[in-house]
Amino acid sequence: QVQLVESGGGLVQTGDSLRLSCAVSGRTASGYPMGWFRQAPGKEREFVAGINWNAINPYYADSAKGRFTISRDNAKNTIYLQMNSLKPEDTAVYFCAVAVRYGRYTYTAPKDTPQFDYWGQGTQVTVSS
């Protein structure tokens, strides 16, 4: 069984930074695409950032470009989301997910929630104005 646990959320002010972590256990995440999503109250879950097995070409939603950076440490079975210049509209529960259905070492770059197979429980990020 695969488990993903997010951490690092909190209450910050506009312009602050946060670094989220997602630790995977039960199965190695090495070699699989992973991603970060977020869900604000009353809204659908949306894609934030994704990273392939080699971490060479991470990809982002327009709202995250230039402010957020996704990275991974395969040795630690962990991915990260560095969030800078946070805005009130970034307030949401942030989830990490892994897509195993495409196999390892694929160059598929999933962005849609149905493309991911396992999810964490989420961590709350609140940005005050």
Side-chain angles (χ1 to χ4, degrees):
Q1 185 175 358
V2 180
Q3 290 186 326
L4 293 83
V5 178
E6 303 93 338
S7 61
L11 172 62
V12 297
Q13 295 184 335
T14 298
D16 286 350
S17 298
L18 276 176
R19 188 195 195 204
L20 306 183
S21 299
C22 170
V24 182
S25 62
R27 179 176 187 170
T28 180
S30 175
Y32 298 108
M34 294 192 69
W36 285 98
F37 290 75
R38 68 187 182 186
Q39 188 167 16
K43 295 187 177 181
E44 292 187 354
R45 192 170 298 188
E46 64 176 8
F47 171 78
V48 176
I51 190 165
N52 283 333
W53 63 273
N54 60 8
I56 292 179
N57 293 311
Y59 47 104
Y60 301 90
D62 288 343
S63 59
K65 288 179 182 176
R67 299 188 301 128
F68 294 1
T69 302
I70 187 172
S71 61
R72 68 190 301 163
D73 185 334
N74 288 327
K76 295 182 178 179
N77 232 16
T78 300
I79 66 168
Y80 305 94
L81 185 68
Q82 177 68 43
M83 304 187 295
N84 299 328
S85 302
L86 283 162
K87 307 174 182 179
E89 50 264 44
D90 295 317
T91 295
V93 178
Y94 284 71
F95 300 87
C96 65
V98 61
V100 301
R101 66 184 63 190
Y102 304 107
R104 301 182 77 183
Y105 310 120
T106 177
Y107 288 96
T108 300
K111 292 184 178 181
D112 298 325
T113 54
Q115 293 181 283
F116 288 81
D117 301 287
Y118 298 98
W119 294 81
Q121 293 300 307
T123 184
Q124 176 70 46
V125 172
T126 303
V127 185
S128 65
S129 58

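Counting begins at 1 with the first residue of the sequence.
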Identify the heavy atoms of [X] and [Y] that sit nearest to each other, and give their distance.
X      : Y     : value
Cys22  : Leu4  : SG-CD2, 3.8 Å
Ser85  : Arg67 : O-NH1, 3.0 Å
Gly103 : Pro33 : O-CD, 4.5 Å
Phe116 : Gly35 : CE2-N, 3.7 Å
Gln39  : Lys43 : NE2-O, 3.1 Å
Phe47  : Tyr60 : CE2-C, 3.9 Å

Taking NZ, NE, NH1 and NH2 as the nitrogens, is one of them in Lys65 or Asp62 under 4.0 Å from a carboxylate oxygen of the other? yes
Treating Ile, Leu, Val, Met, Phe, Trp and Tyr as nodes and any side-chain heavy-atom pair under 4.5 angstrom as an edge, say whether [X] and [Y] lie in one connected cluster.
X      : Y      : answer
Tyr94  : Ile70  : yes
Val12  : Val48  : yes
Leu86  : Val93  : no
Leu81  : Phe95  : no
Tyr107 : Tyr105 : yes

If we ignore hydrogens and angles and just use 3.5 Å, is the side chain of [X] paired with the main-chain N or O of [Y] as donor and acceptor?
X      : Y      : result
Thr126 : Thr91  : no
Glu6   : Cys96  : yes
Trp36  : Tyr80  : yes
Arg27  : Val2   : no
Asn74  : Ser30  : no
Tyr32  : Arg101 : no
Asn52  : Asn54  : no
Asn77  : Ala29  : yes
Arg19  : Gly8   : no

Are [X] and [Y] side-chain neighbours, meaning at least one heavy-atom pair lies under 4.5 Å?
X      : Y     : answer
Arg38  : Ser63 : yes
Asp90  : Met83 : no
Met34  : Val24 : yes
Pro110 : Tyr59 : yes

Proximity of Trp119 and Phe37 rings by center, below 6.0 Å: yes
Interatomic distance, Ile51 atom CD1 to Asn57 atom CG [nearest 0.5 angstrom]: 10.0 Å
How about Gln13: does its CD atom have over 12 heavy atoms from other parts shown lying under 6.0 Å from it? no
If you count the non-hydrogen atoms of other residues, nucleotides and ligands that lie under 6.0 Å from CD in Glu89, is the total more than 12?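 Atom CD in Glu89 is crowded, with more than 12 foreign heavy atoms closer than 6.0 Å.
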Please enumerate all residues that pass side chain to side chain donor-acceptor pair (under 3.5 Å) together with Ser7, with sequence neighbours excluded.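 Ser7: no side chain to side chain donor-acceptor pair (under 3.5 Å) contacts found.
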